[in-house]
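Taking it in order: structure first as structure tokens, then the write-up.
As the structure is a computational prediction, the values presented were derived from the model and not from experiment. Starting from 1, each residue takes its place in the sequence as its number.
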Amino acid sequence: MKIIFGFLATILIVSLAPFSYASDPSPLQDFCVAVSDSASAVFVNGKFCKNPNMVVADDFFLPGLNKPGNTSNAVGSRVTPVNVNQLPGLNTLGISAVRIDYAPYGLNPPHTHPRATEILVVLEGTLYVGFVTSNPANPAMKNKLFTKYLNPGDVFVFPEGLIHFQFNVGKTNAVAFAGLSSQNPGVITIANAVFGSDPPINPAVLTKAFQVEKNVIDYLQAQFWSNIG
């Protein structure tokens, strides 16, 4: 009986293994350069694969991350992404990157990456960064906030799916680069998603959720919520 139970347990673990990845699944080929041509026939990780015989070095190349992003917006920051949509050679490789520019007192607002962990390194300026844990098992406890002030050369990691932010606390511009553990990590900017959705979320839902009067929700939903990259 113990042998049968052990065998069944092994089968169960093996069957669940494909669902336990912490990031994009590992590729089973050297590369799969993304193309929009459905006639390419092979479809991997959400993209069609370019014929390997037609792949060139430029499929793995993207210039321009030396150029500052335009931070002239309401929050004073700009994210320049390098994911599979900008660099086709990233398809199936499970990584991507971003450059983030911050005006003085600019903010990369609270957001999450539903499919990736992020590791951030500061090149210029001083950033106040942090993330908030998921809801604790004990309902009497609060979500915990982890924060740090970062200077050039400092590194900080934001766990996958958790709400996080970066704020330039200096009077000069700041620049950071980040790597993410997905070819297409996704971004959910909390304020944009909650108050700027199309169509809007019913105010009755938001007044109950945030425990405020309807006029507060009406004001927030009337704002112009723009994405920064």
Exercise: identify the closest heavy-atom pair between G69 and R78: CA-CG, 3.8 Å

F177: ring pair (Phe, Tyr, Trp, His ring centres under 6.0 Å) partners, not counting sequence neighbours: none

Common cluster, L123/I119, ILVMFWY with side-chain heavy-atom separation under 4.5 Å: yes

Path from Y219 to I201 over hydrophobic side-chain contacts below 4.5 Å: yes

Connected via hydrophobic side-chain network under 4.5 Å: L206 and V216: yes

Taking every non-hydrogen atom, the tightest pair across A116 and S182: CB-CB, 3.8 Å

Side chain to side chain, E118 and P159, heavy atoms closer than 4.5 Å: no

Pairwise side-chain contact, P185 with S96, heavy-atom cut-off 4.5 Å (strictly under): yes

Closest contact, heavy atoms only, F61 versus P63: CE2-CD, 3.6 Å

Test side chain to side chain contact (heavy atoms under 4.5 Å, CB included) applied to N184 and N85, step by step: CA-CA 8 Å; N184 191 16; N85 296 313; 4.0 Å; yes

Taking every non-hydrogen atom, the tightest pair across G196 and W225: CA-CD1, 3.7 Å

Side chain to side chain contact (heavy atoms under 4.5 Å, CB included) between F158 and L120, worked out: CA-CA 8 Å; F158 305 104; L120 181 102; 4.0 Å; yes

Smallest separation among heavy atoms of D59 and K50, with atom names: OD2-NZ, 3.0 Å

Residues, nucleotides or ligands: over 12 heavy atoms within 6.0 Å of Q86 CD: yes

Residue pair E160 / H113, side-chain donor-acceptor N/O under 3.5 Å: no

Spatial distance of atom CG (D101) from atom CG (N70) [nearest 0.5 Å]: 9.5 Å

Single-linkage hydrophobic cluster, 4.5 Å side-chain cutoff, V175 and V82 together: yes

Side-chain heavy atoms of V169 within contact of L127, under 4.5 Å: no

Reported CG-to-CD distance for the pair N83 and Q183, which is rounded to 0.5 angstrom: 8.5 Å

Y128-F165 aromatic ring centre distance below 6.0 Å: yes

Sub-4.5 Å side-chain heavy-atom contact between L107 and S77: no

Beyond-backbone contact of N151 with V122, side-chain heavy atoms, under 4.5 angstrom: no

Check: T80 and L65 side chains under 4.5 Å, non-hydrogen atoms: yes

Gap separating the CZ atom of F131 from the NZ atom of K144, nearest 0.5 angstrom: 9.5 Å

Any donor-acceptor pair under 3.5 Å from T147 side chain to V129 backbone: no

same_hphob_cluster(V187, L87) at 4.5 Å side-chain heavy-atom cutoff: no

Atom pair CD1 (I188) and CD1 (I163), whose distance is rounded to the nearest 0.5 Å: 9.5 Å

P104 versus N168, closest heavy-atom pair with distance: CA-ND2, 3.6 Å

Any donor-acceptor pair under 3.5 Å from S197 side chain to P199 backbone: yes

Q166 side, atom CD; H111 side, atom NE2 - distance, nearest 0.5 Å: 5.5 Å

Separation between CG of L162 and CG of N143, rounded to the nearest 0.5 Å: 9.5 Å

Check: N108 and V79 side chains under 4.5 Å, non-hydrogen atoms: yes

Side-chain touch V194/F210, heavy atoms, less than 4.5 angstrom: yes

Pair L180-V98, side chain to side chain contact (heavy atoms under 4.5 Å, CB included): steps then yes or no: CA-CA 8 Å; L180 300 108; V98 295; 4.0 Å; yes

Criterion side chain to side chain contact (heavy atoms under 4.5 Å, CB included) on F60 and L90, from CA distance to verdict: CA-CA 7 Å; F60 304 95; L90 282 176; over 6 Å; no

